[in-house]
Amino acid sequence: MTAIVARPRENRRSEIRVTLESIHQQLQPLAAAIDYHIPSLPELFSMIIVMEQGATPEQIKHMIERVESFGLKAHPITGTERTVIAAIGEKRTEMKEALASGPGVESVMPILAPYKVASREVKKDSTQIRALNLKVGAGSIGIMAGPCSVESKEQILACAHAVKAAGATSLRGGAYKPRTSPYAFQGMKEEGLKLLALAREQTGLAIVTEIMSTEEVPLVASYADVLQIGARNMQNYRLLEAVGKANKPVLLKRGPSATMEEFLLAAEYILNEGNPNVMLCERGIRTFEAHTRFTLPLASVPYLHHKTHLPVVVDPSHGTGHTYLVPDMAVASIAAGADGLILEVHPDPERALSDGYQSLNFKQFDETMSRCRTVATALGKTL
Ligand code: PEP
Ligand code: MN
């Protein structure tokens, strides 16, 4: 807290306000219990301006300018039926009425969720995210498959061709690896990125790869089609802001001890920088259980669909940590409504340099894909 308050720079204002609002909210019941009145905070202005059906592009542009003239950030969101503009910043009394009387405006409503742009309140229809042939969300299930780490040219090319033949539309593979031990294989770095690009050239698969630090964003974004933020970095806010400024979709993995609200607020950091293409990935959390590497809570999928319009991907590989559990949990994820899967696949899992114990071989991946497709078809989705 002290650290945040000690440097109240302009661009940190909304972050500080969200924190204060949440502390304020938590204190209310405690204060009520001892009959103590906490004076209200100056409110954060977070409203949606719902444009009329058939509002013209000029009217929308005009309202964006009006929002910005109040010193608020405007996030236009185009739905199938109408456009809404999320307006976020510091509240002044005259704003709501002034905006409500704008041309083409149907109504102005508060956004109640602490995450604003990510909220289903702001956008009713589900978001679909695309990168080359990868389509995730709104009825399309996207499969990202490949090794935990890029290890060699032969390994990544063999993986790319095998996962493509089985129906994946995206190749995963870490070039920068977040390893628990500093002595473990740290990834092939830029060499790995070049091999991923070669695999894309040969197969057309979209490349998903992890970015571990802010400095790596320009380099990784120049090779990747989707930027992966690993579980360990879910709350690395400067990194989230940096990928929010990059012009590539982001796969945001849930931190192993993050609540759903923290997860959605992490996504909000990326959206708030103007990058609307965020996929949320449930990859399992830390619990007392030791029979699996992490505990994979599949209720996150319908829960997130209820709260946000962003697509939800599941990672049954890290979520279970055991190859024999991965196929069933992949099928279960699709049944729970997942918009995508990220799966570790290796030509020879026994010899993998990382996460071999949870990787599928090509045959196992192919069988998993057929089972997932059966469920997807039954649900009226494309895979
Ligand atoms: C990975 O995808 O290989 C990985 C490191 O995942 P996570 O960040 O979920 O642990
Ligand atoms: Mn891994």
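Note: hydrogens, waters and symmetry copies are ignored here, and every other heavy atom, side chains too, is used. Remember, it's 1-based here, ligands and their atoms both numbered in the order they're listed.
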Quick one: look up the protein heavy atom nearest [atom] and list residue, atom name and how far away it is.
atom	result
atom 9 (O) of ligand 1	Arg283 NE, 2.6 Å
atom 6 (O) of ligand 1	Lys253 NZ, 2.9 Å
atom 4 (C) of ligand 1	His318 NE2, 3.4 Å
atom 2 (O) of ligand 1	Arg172 NH1, 2.7 Å

Contact atoms of ligand 1, heavy-atom distance to [X] under 4.0 Å:
X	answer
Lys177	1 (C), 3 (O)
Ala231	7 (P), 8 (O), 9 (O)
Gly230	8 (O)
Gln228	1 (C), 2 (O)
Cys148	3 (O)

* **Closest candidate by heavy atom, reference atom 5 (C) of ligand 1, pool Glu210, Met144, Glu282, Glu344** => Glu210
* Approximate separation, where rounding is to 0.5 Å, of Leu239 CG and Asn233 CG ->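 The CG atom of Leu239 sits 5.0 Å away from the CG atom of Asn233.
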* Does the side chain to side chain contact (heavy atoms under 4.5 Å, CB included) test come out yes or no for Lys123 and Leu310, once each step is laid out? -> CA-CA 9 Å; Lys123 184 169 180 273; Leu310 299 173; over 6 Å; no
Between [X] and [Y] (side chain of the first, backbone of the second, donor and acceptor by atom type, cut-off under 3.5 Å), is there such a pair?
X	Y	result
Arg82	Gly54	no
Lys164	Thr203	yes
Asp339	Val136	no
Gln235	Gly255	no
Glu215	Val217	no

* Asked: Is there at least one pair of N or O atoms, one from Arg232 and one from ligand 1, spaced under 3.5 Å apart?
  ->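 Right, the criterion is met.
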* Structure fact -> Angle subtended at the Mn ion (ligand 2) by His318 NE2 and Cys148 SG, to the nearest 10 degrees, is 170°
* State the atom name: nearest N, O or S atom of Asp355 to the Mn ion (ligand 2). =>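 Restricting Asp355 to its N, O and S atoms, the minimum distance to the Mn ion (ligand 2) goes to OD2.
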* To do: Check the pair Met95, Leu72 against side chain to side chain contact (heavy atoms under 4.5 Å, CB included), reporting the backbone distance first and the verdict last.
  => CA-CA 10 Å; Met95 284 178 184; Leu72 304 169; 3.8 Å; yes
